Amino acid sequence: MEFGLVLTQFTAKWEHVVADAKLAETHGLDSIWLVDHLQGIADPAAPLHEAWTGLAYLAGVTERVRLGHLVNCVAFRNVGLLAKMAVTLDHASQGRLDLGLGAGWYEGEYRAFGYPYGDGGERRRVFEATVEALVELFDGGPVDFDRNGVKLDGAMLNPLPFQQPRPPLVVGAGRRRMLEAAGRLADVWNCPASLLDRLEEPQAIVQRAAGARTVRTTIQVPVAVGRDATEAQAARAVGASHLAWMGDLDAVGIVGDLDAAEACVRSYADRGVSGIVGVVPGSRQRPEFIAAFGQLAQRFSSPAPTSG
């Protein structure tokens, strides 16, 4: 089981984002994640840092954790530019990039920043074409591609990705046609919190579309964990309000002291989940909550081999 942390990003000062990343690494978490939005969702005027420049900076102040976005909106960047950005960050981080991709959903930021929104089918078709073009580009090229508004004319990628054949493709999706696209195209499907109460249904759609391919399941999940009963109670109290947008914390979240949280993670593992991407409540105690999440992750780490 792998454990990732969604960093503080909405309404946060940049130093808080960096502090999150360093805490994740210090406490043994496996990955850190930013969101790819151009404006706040609850409050469009709230502070929000850009995702790719942010992740590039974080690559330079961390050494071990993997780096990703949940998820890149493919409409925001030309496919060739996106490929070059991904390869550069893959090299800069020595192969720590997970390339998160999605079709986009927040109409307000499309309109505000001048992107055509289209309907769900149009966005899905652009998404599929973008992923297909990216995979061809990661082979080096030259690539000629012209489908659903995604165009390349003899495009070449040099250098090739640090990770071979390419960084893992992580697709966040919840609707049926996007789930099918994830099964066909992704290495990892990340399940949104809204589907956790019926995880097996979308998971089955992904796996049917994948056929003989292996597509791992990770979940974006609220985490309110404490290292003792008092800290767990504090995390639960803050999480009940801060994480309410993700659904019923007690029903789908990883909640409680380390023993209770471990049992919850194992129940998700029994349901075919191989990765947890945790959203931890923000408060003055957030560093303690992240430390507790790290201790939970350590319970699932493989012991070092013994000599002799």
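Computed from a predicted structure; not experimentally measured.
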Over 12 non-hydrogen atoms of neighbours within 6.0 angstrom of NZ in K84:
yes
Compare all side-chain heavy atoms of R166 with those of L99 and state whether any distance is below 4.5 angstrom.
no
State whether the side chain of N72 and the backbone N or O of L101 hold a donor-acceptor pair below 3.5 Å, judged by distance alone.
no
Is any side-chain heavy atom of Y115 less than 4.5 Å from a side-chain heavy atom of L38?
yes
Is the number of heavy atoms from other residues, nucleotides or ligands within 6.0 Å of CD (Q164) greater than 12?
yes
Rounded distance (nearest 0.5 Å) linking atom OG1 of T130 with atom CZ of R123
13.0 Å
Are L137 and V135 joined in one hydrophobic group, where the rule is that I, L, V, M, F, W and Y side chains link up if heavy atoms are under 4.5 Å apart?
yes
Sorted by chain and residue number, the side-chain hydrogen bond (donor to acceptor under 3.5 Å, both in side chains) partners of D30 (sequence neighbours excluded) come out as none
Are the side chains of Y57 and V17 in touch, meaning some heavy atoms are under 4.5 Å apart?
no
Quick check against the 3.5 Å criterion: does D90 have a side-chain atom that pairs as donor or acceptor with the backbone of Q163?
yes
Should D250 and R236 count as an ion pair when the cut-off is N to O under 4.0 Å?
yes
Side-chain contact test, heavy atoms from C-beta onward, threshold under 4.5 Å: evaluate it for F162 versus L97 and give yes or no.
no
Atom of R299, atom of R266 and distance for their closest heavy-atom approach
O-NH2, 4.1 Å
Got more than 12 heavy atoms from elsewhere within 6.0 Å of CZ, R176?
no
Steps toward side-chain contact (heavy atoms from CB on, under 4.5 Å) verdict (F289, E231):
CA-CA 8 Å; F289 300 156; E231 194 172 80; 4.3 Å; yes
Output the distance between atom NE2 (H37) and atom NE2 (H69), rounded to the nearest 0.5 Å.
11.5 Å
Transitive ILVMFWY side-chain link V170 to I219, under 4.5 Å:
no
Euclidean distance, Y110 OH relative to W105 CH2, rounded to 0.5 Å:
10.5 Å
Check whether any side-chain heavy atom of H49 lies under 4.5 Å from a side-chain heavy atom of W14, and answer yes or no.
yes
For the atom pair OG1 (T8) and CG (D20), what is the distance rounded to the nearest 0.5 Å?
3.5 Å
Return the minimal non-hydrogen interatomic distance between G183 and R213, and the atom names on each side.
O-NH1, 2.6 Å
Enumerate, atom names and distances included, each donor-acceptor pair closer than 3.5 Å involving a side-chain atom of residues 138-150, sequence neighbours excluded.
residue, atom, partner, partner atom, Å
D144, OD1, G154, N, 2.7
R147, NH1, E132, OE1, 2.3

In terms of heavy-atom contacts, R66 and P168 come closest through NH2-CD, 3.7 Å
Compute the centroid of each ring, for Y106 and then for Y117, and state whether the two points are separated by less than 6.0 Å.
no
Can you check whether L160's main-chain N or O pairs, donor with acceptor, with H91's side chain at less than 3.5 Å?
yes
Who pairs with R175 by side-chain hydrogen bond (donor to acceptor under 3.5 Å, both in side chains), at least two apart in sequence or on another chain?
none
Evaluate whether atom CD of Q233 has more than 12 neighbouring non-hydrogen atoms of other residues, nucleotides or ligands under 6.0 angstrom away.
no
Find out whether V71 and D36 are in side-chain contact, i.e. whether some heavy atom of one side chain is under 4.5 Å from a heavy atom of the other.
no
Where do R286 and H242 land on the side-chain contact (heavy atoms from CB on, under 4.5 Å) test, with the steps shown first?
CA-CA 12 Å; R286 183 174 170 87; H242 286 205; over 6 Å; no
Got more than 12 heavy atoms from elsewhere within 6.0 Å of CG, D270?
yes
Taking atom types as modelled, is there a side-chain donor on W33 or D98 under 3.5 Å from an acceptor on the other?
no
Check the hydrophobic clustering (I, L, V, M, F, W, Y; side-chain heavy atoms under 4.5 Å; chains of links allowed) and say if L296 and M1 are grouped together.
yes
Would a single hydrophobic cluster contain both L199 and V223, if residues Ile, Leu, Val, Met, Phe, Trp and Tyr are joined by side-chain heavy-atom contacts under 4.5 Å?
yes
Are V238 and V255 connected in a single hydrophobic cluster, I mean Ile/Leu/Val/Met/Phe/Trp/Tyr linked by side-chain heavy atoms less than 4.5 Å apart?
no
Does any non-hydrogen side-chain atom of E262 lie less than 4.5 Å from one of L258?
no
Looking at R125 and E122, is there a salt bridge between them, counting it only when a charged N and a carboxylate O are closer than 4.0 Å?
no
Verify, without hydrogens or angle tests, whether R96 (side chain) and V65 (backbone) share a donor-acceptor contact under 3.5 angstrom.
yes
About how many Å separate CD of E50 and CD of Q9, when rounded to the nearest 0.5 Å?
9.0 Å
Straight-line distance of L82 CG to L134 CG, nearest 0.5 Å
5.0 Å
Should we count CZ of R77 as having more than 12 external heavy atoms under 6.0 Å?
yes
Decide side-chain contact (heavy atoms from CB on, under 4.5 Å) for I290 and T26; before the verdict, give the C-alpha distance in whole Å, the side-chain angles of both, and the deciding distance to 0.1 Å.
CA-CA 10 Å; I290 292 174; T26 296; over 6 Å; no
Let me see the working for W52 and L89 under side-chain contact (heavy atoms from CB on, under 4.5 Å), right down to the final yes or no.
CA-CA 9 Å; W52 270 96; L89 186 52; 3.6 Å; yes
Grab the two heavy atoms, one from L58 and one from A21, that are nearest each other, plus how far apart they are.
CD2-CB, 3.8 Å
If you look at every heavy atom in C264 and S267, which pair is closest and at what distance?
O-OG, 2.5 Å
Tell me whether Q298 contacts the main-chain N or O of G28 through its side chain, where contact means a donor paired with an acceptor under 3.5 Å.
yes
Looking at every non-hydrogen atom in both residues, tell me the closest pair between V221 and V252 and how far apart they are.
CG2-O, 3.3 Å
Salt bridge (charged side-chain N to carboxylate O under 4.0 Å, His left out) between K22 and E25, intermediate numbers included
CA-CA 5 Å; K22 292 182 176 180; E25 184 151 272; over 6 Å; no
Heavy-atom side-chain proximity of N190 to V171 below 4.5 angstrom
no
Testing the 3.5 Å rule here: is there a donor-acceptor pair between the side chains of Q203 and T217?
yes
